[in-house]
Q: 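So that we are looking at the same thing, I have put the structure below in structure tokens.
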Amino acid sequence: MGTRMQARLAYFGVGVLAGVGAGAGYWRVYKQLELSDSLESRHKNTELPLEQRVFKYGRPESPFSSRTYTSHSVLYDHVHKVPLWSAEVITPQGISGPAKRGNSRFQPDPTILTRFSSGNADYLKSGWSRGHMTPAADCKHCQSAMDDSHYLTNIVPQDFNNNSGYWNRLEMFCRDLAEKYPAVYVTSGPLYLPSPSLDDGGKKFVKYQVIGAGKVAVPTHLYKVILAETDDSSDPASQPPPSLGVFVVPNKPLGDEELTSFQTTLTELETLCGISFHSKLDRSNVSDLCKTDKCKLMTTLELKQFVYSLRLGRAKSEEQIGEILDEAKKEGLERDSVIAQSAAQQGNKLNTSATNGS
DNA sequence: CGGCATTGACAT
DNA sequence: ATGTCAATGCCG
């Protein structure tokens, strides 16, 4: 305490020598010293451990614990108002079922304090869509899972075209994997990656838009970690290695880019987002998903055909069917292919309702 | 499959 | 007047 006073006196001395504010300055510094002395003498708990002293009025709290819902788990980012990650395990049973998307609505997660939560108003007319991280289509097993997936803790602002296009096809790819592997573990989330500034000498900046009154962050990229189990038998040593695929996809309109062009390593992703994934996984014993599998997404044209076949299934009149088929043909689709796929979808629908119904 | 906008009923 | 909700139709 003596040394601090000396320091102040020394500073005062320099001030006087410099001739700054002679009279009034002297008085001000004198009063300040007097005040400091009395404050120091009034702080009596200097003998307590620092832990007790600095957090006397409570420790800074970031409510960073994940929450598990009916069929997915989320760690929420209270700063950006989107998930940090959303995790699920896809199985054939989980992705077929009676739950309907139309019965669920996007809504704030009731477990998040309002001032930390995004709202639908932030998204509407923002120019960005509400993109599921754990997809709604993976939550068809029961309606509560479907409802949970619509909590805004599972949603990020996503480019419309990307959401219904490339990312949609990537999600379909994951569901297809679930038909080939006993279990597919998928973790998805947003990224805010630096990019070189054109008007500032190529220096790198992290730049992202925020939308709505809640200032919800629009990620520059989205990631997906896909871990496909080849065997779920009890003895891990005898199992073939699981397949791992990690992808970082820009949050913008995309076409028929190769999925492998967005592939990266798990370690690289981890350094990008500061999160460790699958800590119990033996990384020396995993195979590249894009080697064991083709990592081929449905093409944009194939998705278009898929969409038209869905519309065909909902058509209410012969006349409407004709209109849809005409329009599909203008888009470069084969009439018979659309009809055939529509029929196949109806068949699937009957099968799933038969296995889950009555 | 992925979304949005409009509408009408109802409450504030 | 203004906001919420669910049903419906629309588009990519």
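Basis for what follows: all heavy atoms, side chains included, without hydrogens, waters or symmetry-related copies. Each chain gets a letter, A, B and so on, in the order the sequences are listed, and its residues count up from 1. Since the model is a prediction, treat every value here as computed from it, not as a measurement.
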Q: So, A/Glu270 and A/Arg283, do they make that salt bridge, N to O below 4.0 Å?
A: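 Result for this pair is yes, salt bridge flagged.
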Q: Are OP1 or OP2 of B/dC1 and a side-chain N or O of A/Arg169 less than 4.0 angstrom apart?
A: no
Q: A/Arg311 near the nucleic acid: base, sugar-phosphate alone, or nothing, with a heavy-atom cut-off under 4.0 Å?
A: base
Q: I need the CG-P distance between A/Asn154 and B/dG2, as an integer number of Å.
A: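 In whole Å, B/dG2 P lies 12 Å from A/Asn154 CG.
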Q: Which part of the nucleic acid, if any, lies within contact of A/Gly131, taking any heavy atom under 4.0 Å across all strands shown: a base, the sugar-phosphate backbone alone, or nothing?
A: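 Sugar-phosphate: the residue A/Gly131, judged by heavy atoms under 4.0 Å, touches backbone atoms but no base.
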Q: Which whole-number value in Å describes the distance from A/Glu323 CD to C/dC11 P?
A: 11 Å
Q: Among B/dC1, B/dG2, B/dA5, find the nucleotide with the atom closest to the side chain of A/Asn163.
A: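 So the nucleotide nearest the side chain must be B/dG2.
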Q: If the condition is disulfide (SG to SG under 2.5 Å), which residues does A/Cys295 pass it with, not counting sequence neighbours?
A: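 Checked A/Cys295 against disulfide (SG to SG under 2.5 Å); matches are A/Cys290.
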Q: Which nucleotide sits closest to the side chain of A/Ser129: C/dG12, B/dC4, C/dA6?
A: B/dC4
Q: Going by an N to O cut-off under 4.0 Å, is there a salt bridge joining A/Asp122 and A/Lys81?
A: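 Salt bridge between A/Asp122 and A/Lys81, a charged N being under 4.0 Å from a carboxylate O: no.
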Q: Provide, to the nearest angstrom, the distance between the NZ atom belonging to A/Lys125 and the C1' atom belonging to B/dC4.
A: 11 Å
Q: Do you know the tightest heavy-atom contact between A/Pro190 and A/Leu222?
A: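 Minimum heavy-atom contact is CA-CD2, 4.0 Å.
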Q: Does A/Lys140 place a side-chain N or O at less than 4.0 Å from the phosphate oxygens OP1/OP2 of B/dC1?
A: yes
Q: Between B/dC1, C/dA6, B/dC4, which nucleotide gets closest to the side-chain atoms of A/Phe106?
A: B/dC4
Q: From CG of A/Leu310 over to C1' of B/dC1, roughly how many Å is that when rounded to an integer?
A: 6 Å
Q: Expressed in angstrom and rounded to an integer, what is the separation of A/Asn168 atom CG from B/dC1 atom P?
A: 9 Å
Q: Choose from C/dG12, B/dC4, B/dG2 the nucleotide whose nearest atom is closest to any side-chain atom of A/Phe160.
A: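 Per side-chain heavy atoms of A/Phe160, the pick is B/dC4.
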Q: Tell me the interatomic distance from A/Lys100, atom NZ, to C/dA6, atom P, rounded to whole angstroms.
A: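 In whole Å, C/dA6 P and A/Lys100 NZ are 17 Å from each other.
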Q: Would you kindly give the CZ-to-P distance between A/Phe173 and B/dC1, to the nearest whole Å?
A: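 Atom-to-atom, A/Phe173 to B/dC1, this comes out as 19 Å.
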Q: Return the value, rounded to whole Å, for the distance between atom CD1 of A/Ile95 and atom P of B/dG2.
A: 11 Å
Q: Tell me which nucleotide among B/dC1, C/dA6, B/dG2 gets nearest to the side chain of A/Arg105.
A: C/dA6
Q: What orientation do A/Phe106 and A/His150 show, parallel under 30°, tilted 30 to 60°, or perpendicular over 60°?
A: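 Geometry flag for A/His150 against A/Phe106: tilted rings.
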